[in-house]
J.: 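The structure follows.
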Amino acid sequence: MLNKDQIAQRIAKEVQNGQYINLGIGIPTLVANYIPDDLEVVLQSENGLLGIGPFPTEDKVDPDLINAGKQTITMSKGSALFNSSESFAMIRGGHVHLTILGAMEVSENGDIANWKIPGKMVKGMGGAMDLVASAENIIVAMQHCSKDGQSKLLKECSLPITGIRCVKKIVTDLAVVEVLPEGGFRLLERAPGVSVQEIIDKTEGRMLVEGEIPEMSF
Amino acid sequence: MLNKDQIAQRIAKEVQNGQYINLGIGIPTLVANYIPDDLEVVLQSENGLLGIGPFPTEDKVDPDLINAGKQTITMSKGSALFNSSESFAMIRGGHVHLTILGAMEVSENGDIANWKIPGKMVKGMGGAMDLVASAENIIVAMQHCSKDGQSKLLKECSLPITGIRCVKKIVTDLAVVEVLPEGGFRLLERAPGVSVQEIIDKTEGRMLVEGEIPEMSF
Amino acid sequence: MINKTVANAEVAVADVFSNAVLMLGGFGLSGIPENSIKALLARDLHGLTCISNNAGVDDFGIGLMLQKRMVKKMISSYVGENAEFERQLLSGELEVELIPQGTLAERVRAGGAGIPAFFTPAGVGTEVADGKELREFDGKLYLLERWLKADFAFVKAWKGDTAGNLIFKGTARNFNPMMAAAGKITIAEVEELVPAGELNPNEIHTPGIYVQRIFQGKDYEKRIEQRTVSRK
Amino acid sequence: MINKTVANAEVAVADVFSNAVLMLGGFGLSGIPENSIKALLARDLHGLTCISNNAGVDDFGIGLMLQKRMVKKMISSYVGENAEFERQLLSGELEVELIPQGTLAERVRAGGAGIPAFFTPAGVGTEVADGKELREFDGKLYLLERWLKADFAFVKAWKGDTAGNLIFKGTARNFNPMMAAAGKITIAEVEELVPAGELNPNEIHTPGIYVQRIFQGKDYEKRIEQRTVSRK
């Protein structure tokens with residue numbers, strides 16, 4: 001089973017040279033730590049920045065420079081600032097190549113639920129609905145099961161959904177899973193020490209398993 | 001009868017303190033010369049400038065600084081530059097208080113035709129359709145009659161129109177005319193030496209004449 | 001150039017009325033109109049509709065207006081980090097309309113730009129789409145969304161001039177420029193107010209045409225929600 | 001940061017194909033991509049659709065592409081000052097779609113911003129409205145207009161960096177930023193190309209994400225259409 005950093009590390013392998021990438025709050029933010037130095041990529045922050053740099057040292061903290069998770073950040077060389085309307089123009093217009101975000105549930109046709117638990121959580125969707133409706137490639141980072149053991153890879157989402165037919169890949173603590181264009185999950189890799197059977201048992205949606213399923217390598 | 005400069009001079013009296021104003025090509029551009037110095041107004045150029053200054057002296061000519069008529073200009077103190085989308089956002093959003101433009105015809109319900117003569121002139125509408133569809137106050141500067149003596153204040157426009165029910169006032173070489181909200185022209189002022197009868201004779205549309213019609217003063 | 005300067009926040013907000021629709025710039029607590037909020041808090045107002053990406057925190061920003069029960073309705077994209085907000089919402093004291101962040105930004109932009117409605121893909125297939133027109137363009141589904149406007153828009157800039165031109169700094173820009181354009185009366189507070197002519201026209205983010213009042217702000221707290229640092 | 005630099009205009013336009021849809025920035029002859037146009041003229045292309053506010057003059061700008069019969073269709077708001085253009089149009093050699101300038105700007109912006117359609121008041125009651133959906137919002141009539149996109153967008157900036165970030169100067173900005181965002185491949189030529197990191201992120205007009213190729217332009221003529229001066 002992977003810890004959060006390992007999930008982020010595995011997702012980082014999906015990143016390609018030259019990509020503009022939006023990282024969601026939580027595990028996705030950690031992905032930045034594992035992107036190989038030889039890849040030139042640009043991280044977008046939907047509150048108005050292309051080119052997120054590392055967190056600032058104590059003396060460089062600037063309240064006018066935060067990411068979408070409201071964390072203080074720095075700018076990398078060659079970055080650009082803009083307003084929220086321009087930021088989502090970029091996202092909706094398909095200029096951001098890769099979106100990595102967390103989820104509470106993903107269905108086997110690629111629907112994602114990550115913004116609301118009726119009667120319990122009413123924080124709002126933030127930029128998630130715009131991101132999932134727009135990006136060509138969406139990867140979800142999440143635990144395979146909820147804290148009470150329920151699968152989060154479902155036939156259909158039970159929670160209010162954030163977007164339809166949009167998730168392309170899921171990286172969990174147990175597996176790397178593809179969402180097939182025609183619907184259904186396909187198992188690509190398993191976490192070290194995790195069996196194919198355990199993954200199947202913990203996946204409610206249809207899971208296609210073809211041939212030998214390799215263990216993840218980092 | 002007024003010459004072009006006098007038409008511009010008369011229109012300048014319509015300008016109020018604090019207004020943002022778009023001046024069209026031709027006579028409207030001349031209006032800038034007659035705006036009283038004690039009025040603070042800002043001239044918008046739809047190619048991307050708020051705060052048009054005087055024409056430049058020879059040594060200050062800058063090809064990167066032109067007005068919508070492609071004339072070289074300067075910027076006044078406190079001006080701002082922006083792109084064409086922002087410029088028309090300003091116009092469509094009703095932020096420009098006054099638009100002054102030329103016309104080939106105006107109808108008695110305030111329709112304006114100024115962009116096309118079928119089979120003859122195909123230059124295009126430029127920003128005129130956006131301006132007349134958006135500004136709350138539109139004043140037309142034009143000759144009362146065409147070169148061959150036809151009235152340009154009509155019951156209905158004969159040329160392809162630029163916008164409907166938008167002109168509020170017309171200043172011609174003969175008269176100042178209001179377009180009534182319910183339709184019809186109303187004579188407000190006559191040019192020095194021009195009789196009310198001549199104006200009526202040269203106006204095809206309905207022209208309301210109430211009481212004494214004063215001569216224009218400058 | 002038209003001089004938009006007013007003495008201070010108190011003067012600037014003096015005619016804000018109860019039940020008005022307000023827009024307030026900022027993302028989280030970054031770039032919020034701190035001075036205007038403080039001045040609004042000192043007035044006896046109620047029934048306000050506040051359009052703002054977030055709702056502040058319990059003891060800062062719009063959170064303080066919620067504490068004072070001045071707000072009838074919030075229109076936002078994300079309202080976490082605010083216990084009082086959640087309490088008022090769950091008890092039914094507060095109405096909330098949650099809007100995808102990009103849709104919110106674009107609806108506000110549309111309000112300023114005279115675009116009454118536009119199509120966006122955000123929210124298709126979700127409860128955000130309920131009651132909205134759905135249409136296919138080039139094989140993809142979109143929702144029709146309407147513009148948003150406000151009686152008063154409150155924005156905070158880094159620098160401004162007396163003509164109302166504004167320059168923002170860093171990610172404190174966020175929703176401020178669109179809100180400046182969508183307010184019937186737009187009130188800008190700035191960290192540094194300079195005479196017209198001192199800002200480079202090429203560097204201005206919000207042209208003065210959108211700003212009706214501008215004042216020199218003071219005592220900016222600029223609270224940080226998630227101070228995150230790395231070691232040297 | 002991703003390096004978008006290419007050697008020159010010839011390299012930048014090498015894969016432009018016949019019958020492609022192009023956008024070209026500029027207003028009149030101000031801010032037009034002079035180097036890219038010259039490089040396109042040197043190639044054997046035909047059937048192009050050109051989206052540009054104007055069509056140049058007879059012997060400069062897009063006018064030269066018309067002379068060479070490279071253009072099948074122009075989409076513009078104003079095409080005066082061009083005799084060859086008028087000749088081709090009246091003889092039926094050239095197709096022309098005339099669009100109100102603000103609608104053109106907004107359609108191009110929509111193309112870059114993922115907004116497939118929007119409502120605008122410009123053109124209501126005119127022949128521009130023919131065949132378009134008309135709808136009333138808040139008592140006023142509006143037309144539904146669609147986005148515009150291009151296979152290649154050509155823009156000209158004052159300064160640019162190797163990451164594709166652009167800063168424009170004066171009114172030469174005009175349509176360039178929207179077109180940069182609406183091109184599948186956007187080619188930017190700049191008067192001064194600097195390494196990434198040298199431009200102030202707060203002053204950038206077009207973020208590099210929109211630009212696929214950038215090169216240092218040369219020999220700018222910057223022709224003036226209406227040289228108008230006042231005496232000292």
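The sequence lines fix the lettering, A, B, ..., with proteins before strands; numbering per chain opens at 1.
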J.: When the aromatic ring centroids of D:Phe137 and D:Phe119 are compared, is their separation below 6.0 Å?
T.: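 They qualify: ring centres under 6.0 Å apart.
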J.: Sort out for me which of D:Pro100, D:Gly28, D:Ala172 touches chain B most, counting heavy-atom pairs under 4.5 Å.
T.: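 If we count pairs closer than 4.5 Å to chain B, D:Pro100 comes out on top.
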J.: Considering only heavy atoms, which portion of D:Glu97 lies under 4.5 Å from any heavy atom of chain B: side chain, backbone, both, or neither?
T.: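 Answer is neither: D:Glu97 stays 4.5 Å or more from chain B.
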J.: B:Glu86 versus chain D, heavy atoms under 4.5 Å apart: side chain, backbone, both or neither?
T.: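 No part of it gets close to chain D.
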J.: Of the backbone (N, CA, C, O) and the side chain (C-beta and beyond), which part of D:Ile99 lies under 4.5 Å from a heavy atom of chain B, both, or neither?
T.: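 Interface part for D:Ile99: backbone (N, CA, C, O).
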J.: Looking at D:Arg109, D:Glu86, D:Glu127, which one has more heavy-atom pairs under 4.5 Å with chain B than the rest?
T.: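 Of the options given, most contacts go to D:Glu127.
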J.: Please classify the contact between B:Ala89 and chain D as side chain, backbone, both or neither, with a heavy-atom cut-off of under 4.5 Å.
T.: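 The answer is neither part of B:Ala89.
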J.: Examine whether an atom of D:Val128 lies under 4.5 Å from a heavy atom of chain B, and if so say whether it belongs to the side chain, the backbone or both; otherwise answer neither.
T.: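 Answer is side chain: those atoms of D:Val128 sit under 4.5 Å from chain B.
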J.: Is B:Lys60 close to chain D through its backbone or its side chain, or both, or neither, when contacts mean heavy atoms under 4.5 Å?
T.: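 Looking at B:Lys60, nothing touches chain D.
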J.: Does any heavy atom of chain D fall under 4.5 Å from the side chain of B:Ile91, the backbone, both, or neither of them?
T.: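 Neither part.
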J.: For B:Asn67, is it the side chain, the backbone, both or neither that has a heavy atom under 4.5 Å from a heavy atom of chain D?
T.: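 Answer is backbone: N, CA, C or O of B:Asn67 sit under 4.5 Å from chain D.
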J.: For the residue pair D:Gly31 and D:Asn176, what are the closest heavy atoms and their distance?
T.: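 Scanning both residues, the minimum pair turns out to be O-ND2, 3.1 Å.
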J.: Which answer fits D:Asn54, side chain, backbone, both or neither, if we ask what part of it has an atom under 4.5 Å from a heavy atom of chain B?
T.: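 When you check distances to chain B, only side chain atoms of D:Asn54 fall under 4.5 Å.
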J.: Of the backbone (N, CA, C, O) and the side chain (C-beta and beyond), which part of B:Thr74 lies under 4.5 Å from a heavy atom of chain D, both, or neither?
T.: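 Neither part.
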